[in-house]
Participant: 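My structure is below; once you've seen it, I'll send some questions.
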Amino acid sequence: MSQLKSKQTDIDTKDYLNDEEQFKTIKKDIHDVEFIKAPDYQSNNIIDFQTYKNKYERRTRYLNDPFLKRANVRLGWPLEMKVEWERCRDDVIYFIKTYMRIVHVDHGLVLFNMWDFQEDMIKQMQDNRFFIAKCPRQVGKSIVTAGFILHYILFNQEKSVAILANKQTTAMEILDRVKKAFRYLPDFLQQGVEVWNKGDIALENGCKVSSHATSSDSVRGFSYSMVFIDEVAFIPQNEWKEFWKSTYPTISSGKKTKLILVSTPNGMNHYYYLWKAAEEKRSNFKGFIITWQQVPGRDEKWKLETIANTSAEDFAQEHECKFLGSSGTLIKGYKLADLKFENPVEEIDKMILMTLPEKNHSYVFSVDPAQGRGQDYSVINVTDVTNFPWKQVAIYHSNTISPLILPTIIMKWAQYYNNAHVIIELNDIGMLVAKELYMDLEYENVIEFGKNEFGIRMNKRVKAQGCSTLKDLIEKDKLLIYNKETIDELNVFIETGLSWEAENGFNDDIVMSLVLFSYLTTLDIFEDYTTNKKRVKDDVFGEDINKILDDETPDILYDDGHDIPDILDAEDAIYGFMVVDLN
């Protein structure tokens, strides 16, 4: 026992408890829970191959570890052993339920008696090259995947598996579960060990498993047969793009390679789009969902207790697996969930075209310029304002374009979109861009707000009014957004004190171009740039205004001893009074 205690903080902990000590931990509270007691293992009876482990013969052990068989140890293979081995190879569910041991928090070492949904998860991972699972908290998703990886490396040849997670320690923890289950296997199922480290293992059949934190170079240059990524939604969004760019080719290059993604939702980020693509069958991923109700012991009482100890929002995201926007987003979460991006018609030099220009349509370019030094982005947002609902039809998005070149790009595409009108944010470098476009390039359709004011300066009042209007336009389906990057930014555009901006680590340049456009729509001059001559207030809030006017006014009872007709007559009803006869 002293050996065990001295190593408890090590991720590579070796379990030196003997059978008797292990089973003592299992027998505790046996009446409280249903589980399958692990049958004898590590037996000394070589005839009983299903439990036999030659742990006392050092020559057969890897680095004198009694639980691990070294490479090139030869066993006799009676027919019964061969049949059992083949059954385990061909039936992953049978193998896991019969031979995979896990350490139960209350009952010690027990067989992994999977729930039905866990068996279904294993089958789907086995049958699909590309697999994505949406799982609540604490449903055993990591141990299920560990069981699948264990089977994969035991019954294949020359396969490499990468376990990745948002943190190195998380990936190593999953690998440790694979290693722990491997250690308890009888000798006839173990492959001989050649490498056994904290971060990787290698077996005599050529199979390897390694653990990594997700980064752009974590698997670059390696050839993996299977990549498992845990807690995909918790990989920082600004790191995911580069990571995915380097990881996906590793898998897609093969014909039998596998990619397994498992996570609980964490807002509407890259994992949300991967899941939606699988759900809508727009990708090769097979979607698999687990609900909290499938877990034995979780009922409405448990739900209410969990919400009381956390919050309804936490429960919705972590147990009901709902994709919620960041807390305090400008656009309500339900609406963000409804926004769906569309694949562009074409992309030319960073101009993403969702819809090509149409004859007799009116377009407005809202421009948010930047320095072009690899930090903030220069954005050109193109909106079709011909009729309601207005539609986002194109967007330019670059953090490297020089502000000296940006005016030429604006003019080129503005002419393409029927000589669109252009509104420019004048803060910082914006004045230079506006003057270059209007004066030097002589593009006349630049919206002017006074002498030499070819745009709008973004101040607190303009931003507040623009944000408020943008919220109303999107939530009331008066402005339709189709671009993925725009939706990404809306999901992290949150309230910070008395203003709105992106969460730390994210950009909001696209959203700010929409804020600029939204502010423009509140001004009287906007009627000059659209074929719809009604005021935005009338179009956006027309139904609300009519409802207010149509609501019945309350009855007024007036009695001071006089007859009511002498005080109020029927004509007073036009002022909203209801005449009531008290006689």
Side-chain angles (χ1 to χ4, degrees), residues 7-16 60-73 92 96 100-103 125 141-185 187 189-232 235 239 243-244 246-251 253-254 256-262:
K7 296 177 178 288
Q8 280 182 339
T9 58
D10 192 336
I11 196 73
D12 194 31
T13 297
K14 296 180 179 180
D15 193 343
Y16 287 108
T60 67
R61 301 298 96 186
Y62 173 76
L63 298 181
N64 294 324
D65 187 326
F67 287 81
L68 300 178
K69 185 177 71 174
R70 69 168 177 81
N72 302 314
V73 172
V92 60
I96 290 175
M100 183 174 174
R101 292 169 173 84
I102 62 175
V103 178
M125 285 192 290
K141 57 184 184 293
S142 296
I143 195 65
V144 168
T145 309
F148 181 73
I149 293 173
L150 177 66
H151 182 271
Y152 188 80
I153 61 174
L154 287 175
F155 299 101
N156 281 290
Q157 299 285 330
E158 304 294 336
K159 301 291 187 182
S160 293
V161 178
I163 300 174
L164 299 108
N166 56 324
K167 299 178 182 178
Q168 176 75 30
T169 52
T170 303
M172 292 175 66
E173 182 181 349
I174 297 169
L175 174 60
D176 190 56
R177 295 185 181 206
V178 177
K179 292 163 68 177
K180 192 178 293 290
F182 182 96
R183 293 168 65 81
Y184 296 140
L185 293 174
D187 274 2
L189 284 176
Q190 277 194 2
Q191 293 285 339
V193 176
E194 294 183 344
V195 177
W196 192 268
N197 296 325
K198 287 185 178 182
D200 59 285
I201 61 176
L203 307 178
E204 64 182 340
N205 61 355
C207 290
K208 302 175 182 178
V209 186
S210 56
S211 59
H212 311 267
T214 48
S215 66
S216 59
D217 59 353
S218 55
V219 298
R220 190 186 296 274
F222 295 93
S223 297
Y224 287 103
S225 305
M226 180 167 71
V227 173
F228 164 64
I229 309 176
D230 191 38
E231 297 296 11
V232 180
I235 300 171
E239 296 178 8
F243 165 73
W244 189 244
S246 65
T247 302
Y248 185 74
T250 300
I251 297 300
S253 59
K256 295 183 179 180
T257 49
K258 300 178 77 70
L259 180 57
I260 297 173
L261 310 180
V262 176

Participant: Enter the distance from Arg177:CZ to Ile149:CD1 here, rounded to the nearest 0.5 Å.
Facilitator: 11.5 Å

Participant: I would like to know whether Asp187 and Arg61 meet salt bridge (charged side-chain N to carboxylate O under 4.0 Å, His left out); could you show each step before the answer?
Facilitator: CA-CA 10 Å; Asp187 274 2; Arg61 301 298 96 186; 2.8 Å; yes

Participant: Under 4.5 Å between any side-chain heavy atoms of Val144 and Val262, yes or no?
Facilitator: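 Of all side-chain heavy-atom pairs linking Val262 with Val144, none is under 4.5 Å.
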
Participant: How about Phe148 and Met226: do any of their side-chain heavy atoms sit closer than 4.5 Å?
Facilitator: yes

Participant: Does Leu203 reach the side chain of Val193, with side-chain heavy atoms less than 4.5 Å apart?
Facilitator: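 A side-chain contact exists here, since the closest heavy-atom pair is under 4.5 Å.
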
Participant: For Ala162, is there any backbone N or O sitting under 3.5 Å from a side-chain donor or acceptor partner on Ser210?
Facilitator: no

Participant: Considering non-hydrogen atoms only, spot the tightest contact between Leu154 and Gln191 and give its length.
Facilitator: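 Heavy atoms of Leu154 and Gln191 come nearest at O-NE2, 3.2 Å.
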
Participant: For the side chain of Gln190 and the backbone of Lys69, is there at least one donor-acceptor N/O pair under 3.5 Å apart?
Facilitator: yes

Participant: If I compare all heavy atoms of Met100 with all of Ala146, which pair ends up nearest, and what's the gap?
Facilitator: CE-C, 4.4 Å

Participant: Between CD of Glu231 and CD1 of Ile174, what distance do you get to the nearest 0.5 Å?
Facilitator: 8.0 Å

Participant: Once the angle between the rings of Phe182 and Trp196 is folded into 0 to 90°, is it parallel (under 30°), tilted (30 to 60°) or perpendicular (over 60°)?
Facilitator: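 Geometry flag for Trp196 against Phe182: tilted rings.
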
Participant: Report, as yes or no, whether the 6.0 Å neighbourhood of atom NZ on Lys208 holds more than 12 heavy atoms from other residues, nucleotides or ligands.
Facilitator: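 Result for NZ/Lys208: open.
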
Participant: Under 4.0 Å between a side-chain nitrogen and a carboxylate oxygen: does that hold for Asp230 and Lys141?
Facilitator: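 Looking at Lys141 together with Asp230, the answer is no, because their closest N to O distance does not fall below 4.0 Å.
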
Participant: Please check if the side chain of Asn197 supplies one atom and the backbone of Gly199 the other of a donor-acceptor pair under 3.5 Å.
Facilitator: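 No; zero donor-acceptor contacts below 3.5 Å.
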
Participant: With rounding to the nearest 0.5 Å, note down the distance linking OG in Ser225 to CD in Glu158.
Facilitator: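 Ser225 OG to Glu158 CD: 9.0 Å, rounded to 0.5 Å.
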
Participant: Could you measure the distance from the CG atom of Leu261 to the CG atom of Leu164? Nearest 0.5 Å is fine.
Facilitator: 10.5 Å

Participant: Taking all heavy atoms of Ala171 and all of Ala165, pick out the closest pair and write down the distance.
Facilitator: N-CB, 3.8 Å

Participant: Would you compute the distance between atom CD of Gln168 and atom CD1 of Ile163 and round it to the nearest 0.5 angstrom?
Facilitator: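 If we round to the nearest 0.5 Å, Gln168:CD and Ile163:CD1 are 10.5 Å apart.
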
Participant: Short question: side chain of Glu204, backbone of Gly192 - any donor-acceptor pair under 3.5 Å?
Facilitator: yes

Participant: Is it true that a side-chain atom of Glu194 and a backbone atom of Ala202 form a donor plus acceptor pair closer than 3.5 Å?
Facilitator: no

Participant: Where the side chain of Asn205 meets the backbone of Phe155, is there a donor-acceptor pair that is under 3.5 Å apart?
Facilitator: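 Not confirmed, Asn205 side chain does not pair with Phe155 backbone.
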
Participant: How many angstroms lie between atom OG1 of Thr60 and atom CG of Asn64, to the nearest 0.5 angstrom?
Facilitator: 10.0 Å

